[in-house]
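Just below is one structure, and these are the notes that go with it.
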Amino acid sequence: MLRRTRTSRGARVGAVVLSLALVAAACGGDDDSSDAEEPAEEPAEEAEEPAEEPAEEPAEEAEEPAEEPAEEPADTAAEEPAEEPASDATTVRWFVGLGTGSQDEQIDRQQALVDDFNSTHDDIQIEVEFVPNETAAQTLATQIAAGNAPDIIGPVGREGSNSFAGQYLDLDPLIESTGYDLSIYPAAQVEAWVDDDGALRGLPFASYPSAIFFNTELFDAAGLPYPPQEYGPDGTAVYGEGTEYEGTWDWAKVEEIGKLMTIDSAGLNATEEGFDKDDTVQWGYIHQWTEPPMAQGTFFGAGKILQDDGTAAIPEQWVEEWNWYHAAKHESGFVPDQTEIDSDLLAGNAFNSGKVAMANTHQWYTCCLFDGDGNAAKFWDLAIVPSYEGNVVSKLHADIFRIHKDTENPDEAFAVLTYFQDDIALDLLTIYGAMPARPDIQADYFAGLDATFDQGVNWNVIVAGGQYPDVPSHESYMPAYLESLTLIEELEGEISGDPTLDVDARAAEIEAQLNEIWAAAEG
């Protein structure tokens, strides 16, 4: 349901403390949506009654003569809204819900920030539309088709944006005309948002680099060195320097250490004779919630399926990673398979169970490191992403704000967008549970996380990971995006659940099917 009613202006967001509900919304903010439940005309209908009209205003007319009709105060108020924007003010519409931001816990806090802006600006007024994530894509499509597109859309990640490829404004002319300073962001993160045609259609905002979450208690119990926590000059690092385990911190080392950390009920690890893979009680590693498969393939190197000639070609390094992960689950067993993930022991959130030594996932995973009573898990720290053949990819998730290409007010929309990026960035990022892309406000953000996870987490690992994003992104656009994504996502369940899967053959089949889908879409 579209929601435009103003709330009373509350206190500005202060300390950066994550709640489970808010950050969980960030975890799933890019879900694509389906059937719309609201007619596209509803915003216009709502506009007939000023949203800012206080319900109590008739009481202010109490001095009217007793014989005055009771309805007169309401009529007067309707004709002369107390907070009517100046007639020459430009309205900038902000559409929230295609990504995160439309959870009940987030709406009032965002609305308060909008109210603060509107009360201090006579030239621009923000009108925000909150749409549930599950209906946001259809609602936005309806608005665009009707020539009623909003000015600003977001926050939204690449996956949520892909269904509307071609609908976003190139920001380069506005950046040039206003002199907006891009140097406040890491250059690699700006580059990550440059589209294939060379246009920059979004600015870095909410950043979620990936890292290795590792269980310090399990490593201590095994007497093994912790994974490295600093990237070397070329991104690579050494594991266990000065010990018998010394070697390059790469995915082969993850497998080696992972097997040592995988234990069956008899206490044998996965390298020992007699180890019972089917009776495992502790595992060495998992890709924690990093589907779909193109995301997992990126660990062995960035790439994309859509080629320059418009055909589909799955990167070879992705197929290699898929084979590696399939074998890790079904042959050596140092990664839990789907049955084990769904078991009572791991309960669908494997690393949080305390039974998995290492997990590669994103900074947003702090949302889900709590027990059933809401107590924060304290058994973990962060390590850098392993290399593959000398290269490091800290797969990046990120949310940004977009301006629609058909906006009638590009200058004003850009002014609001940069207000989000600069003036209230930390306020919004707190609401969304996201690490700032801007280095200058990251310390304040992580201070808030330390209030929840006080075991001394090395957050520098997350910050440093932002230097190694996947370019091109694993969430790059594909034709017939939703149909294509659904097809590829089927492979995730097959890798995890089918011990007999021929990964190479299945990858070739998916590639052929994608080419058929894309050819049909062109026709």
Side-chain angles (χ1 to χ4, degrees), residues 212-215 218-219 222 224 227 239 245 247-301 314-346 348-351 353 355-361 385-389 395 488-510:
I212 295 291
F213 287 65
F214 69 95
N215 188 312
L218 296 185
F219 271 86
L224 291 172
Y239 174 81
Y245 305 103
T248 301
W249 179 237
D250 57 14
W251 287 101
K253 181 61 71 173
V254 169
E255 180 171 353
E256 175 189 337
I257 301 303
K259 289 178 180 178
L260 293 173
M261 301 288 282
T262 301
I263 310 295
D264 66 13
S265 63
L268 298 174
N269 69 48
T271 69
E272 295 178 303
E273 186 176 352
F275 168 75
D276 187 353
K277 173 188 169 301
D278 295 325
D279 191 21
T280 307
V281 296
Q282 176 183 302
W283 292 263
Y285 178 77
I286 193 172
H287 293 338
Q288 179 73 47
W289 297 343
T290 53
E291 61 278 342
M294 58 262 209
Q296 299 179 2
T298 299
F299 295 135
F300 278 25
I314 296 174
E316 292 182 4
Q317 70 270 22
W318 290 10
V319 180
E320 290 177 18
E321 196 282 334
W322 297 343
N323 274 291
W324 178 82
Y325 200 50
H326 183 264
K329 286 175 173 284
H330 303 293
E331 294 178 19
S332 57
F334 73 93
V335 174
D337 62 24
Q338 194 60 51
T339 299
E340 292 166 331
I341 292 172
D342 295 336
S343 69
D344 291 340
L345 195 59
L346 300 184
N349 187 352
F351 184 77
S353 71
K355 302 297 183 181
V356 177
M358 296 177 286
N360 186 302
T361 188
V385 176
S387 61
Y388 180 73
E389 295 185 347
K395 182 167 61 68
I488 300 170
E489 284 179 333
E490 293 175 359
L491 181 60
E492 163 64 17
E494 295 166 353
I495 289 175
S496 192
D498 184 358
T500 65
L501 178 68
D502 185 333
V503 175
D504 292 320
R506 186 70 179 103
E509 181 181 8
I510 291 173

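Worth knowing before you read on, the calculation uses all heavy atoms, side chains too, and leaves out hydrogens, waters and symmetry mates.
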Open item on the list: side chain to side chain contact (heavy atoms under 4.5 Å, CB included) for F275 and T280? Distances and angles first, verdict last.
Closed with: CA-CA 9 Å; F275 168 75; T280 307; 3.7 Å; yes
Considering only residues two or more places apart or on different chains, which pairs with a residue in [range] satisfy salt bridge (charged side-chain N to carboxylate O under 4.0 Å, His left out)?
| range | value |
| --- | --- |
| residues 277-290 | none |
| residues 252-264 | K253-E256, E255-K259 |
| residues 491-503 | E494-R506 |

If you compare all heavy atoms of [X] against all heavy atoms of [Y], which two are closest, and at what distance to 0.1 Å?
| X | Y | answer |
| --- | --- | --- |
| M294 | I488 | SD-CG2, 3.8 Å |
| V254 | W249 | CG2-CH2, 3.8 Å |
| A507 | V319 | CB-CG2, 4.0 Å |
| K329 | I495 | CD-O, 3.9 Å |
| G284 | A357 | O-CB, 3.5 Å |

Open item on the list: If we count only N and O atoms by modelled type, under 3.5 Å, do the side chains of S496 and Q338 hold a donor and an acceptor together?
Closed with: yes
Open item on the list: Can you tell me how far apart CG (L218) and CD (Q282) are? Round to the nearest 0.5 Å.
Closed with: 4.5 Å
Task: Stepwise side chain to side chain contact (heavy atoms under 4.5 Å, CB included) test for Y388 and F299 - done: CA-CA 8 Å; Y388 180 73; F299 295 135; over 6 Å; no
Close side-chain approach of [X] to [Y], heavy-atom, < 4.5 Å:
| X | Y | answer |
| --- | --- | --- |
| Y325 | V503 | no |
| S265 | D276 | no |
| I257 | M358 | yes |
| E272 | N269 | yes |
| I341 | I286 | yes |
| W289 | N349 | yes |
| L491 | L501 | yes |
| L346 | F351 | no |

Task: Residue of the set W283, F334, F214, F219 for which side chain to side chain contact (heavy atoms under 4.5 Å, CB included) holds with M261 - done: F219
Using only atom types and a distance under 3.5 Å, with no angle test, would you say the side chain of [X] pairs donor to acceptor with the backbone of [Y]?
| X | Y | value |
| --- | --- | --- |
| T271 | L260 | no |
| W322 | P293 | yes |
| W251 | E321 | no |
| W318 | Q296 | no |
| S353 | K355 | yes |

Task: Derivation and outcome, side chain to side chain contact (heavy atoms under 4.5 Å, CB included), residues W324 and V335 - done: CA-CA 11 Å; W324 178 82; V335 174; 5.7 Å; no
Task: Greater than 12 external heavy atoms within 6.0 Å of E489's CD - done: yes
TODO: Name the orientation class of the two ring planes belonging to H326 and H330 (parallel below 30°, tilted from 30 to 60°, perpendicular beyond 60°).
DONE: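 Tilted.
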Task: V385 vs N360, side chain to side chain contact (heavy atoms under 4.5 Å, CB included): CA-CA, chis, key distance, verdict - done: CA-CA 8 Å; V385 176; N360 186 302; 4.1 Å; yes
